[in-house]
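The figures here come from the full heavy-atom set of this structure, side chains too, leaving out hydrogens, waters and symmetry mates.
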Amino acid sequence: QLQVVESGGGLVQPGGSLRLSCAASGFNLSYWSIGWFRQAPGKEREGVSCISISGGTTNYAESVKGRFTTSRDNAKNTAYLQMNSLKPEDTAVYYCALDTLNKCGSYYRPPLEFEYHHWGQGTQVTVSS
């Protein structure tokens, strides 16, 4: 079974920072590109960012460009989403998911939900107003 687990969410004031982690269990994450998604209350799930298999390409939604950074550490078998200058509208459940077709390395756009598989359980991020 392929499984990823998100962690690092919590409550933060506007302007604060959080770093989310996406850890792989029982397999090598280096063969997959990683997508980050979020779902806010009353809204559909949206693509936030992605990182290619090589780590050489990253894509971001316009709403988070300049504030969020995604990275990966193959030695730790973990991907990260660094979130700075957080806003109340960033409040959502954040998910990571896997794509072996490496579309993040092929298309310069945010990730699309149907392209990704093997989703984690999500971690709650709450930015107080």
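Taking the six-membered ring for Trp and the full ring otherwise, Y95 and Y116 have centroids separated by 6.0 Å or more.
In this structure, R45 satisfies the cation-pi test against W119, with its NZ or CZ atom closer than 6.0 Å to the six-membered ring centre and inside 45 degrees of the ring normal.
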S17 and N84: side chain to side chain donor-acceptor pair (under 3.5 Å), yes or no, with the steps?
CA-CA 4 Å; S17 298; N84 299 326; 2.9 Å; yes
Apply side chain to side chain contact (heavy atoms under 4.5 Å, CB included) to I34 and R72, showing your working.
CA-CA 9 Å; I34 309 298; R72 65 192 303 158; 4.1 Å; yes
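Using a cutoff of 4.0 Å between basic side-chain nitrogens and carboxylate oxygens, E115 and R109 are scored as salt-bridged.
Contacts classified as salt bridge (Lys or Arg N to Asp or Glu O under 4.0 Å) and involving residues 47-58 (residues at least two apart or in different chains) are not found.
L29 places none of its side-chain heavy atoms less than 4.5 Å from the side chain of Y31. Counting heavy atoms from C-beta outward, Y60 and T69 have side chains that approach closer than 4.5 Å.
A side chain to side chain contact (heavy atoms under 4.5 Å, CB included) with V93 is found for one member of Q121, E6, R38, Q124 and no other, namely Q124.
Contact detail for S30 and I53: the closest heavy-atom pair is O-CG2, 3.1 Å. Here the shortest heavy-atom pairing between S49 and T70 reads OG-CB, 3.8 Å.
Hydrophobic clustering, with ILVMFWY side chains joined whenever heavy atoms are under 4.5 angstrom apart, groups I51 together with L2.
Every residue was checked against the side-chain hydrogen bond (donor to acceptor under 3.5 Å, both in side chains) condition with Q39, not counting sequence neighbours, and none meets it.
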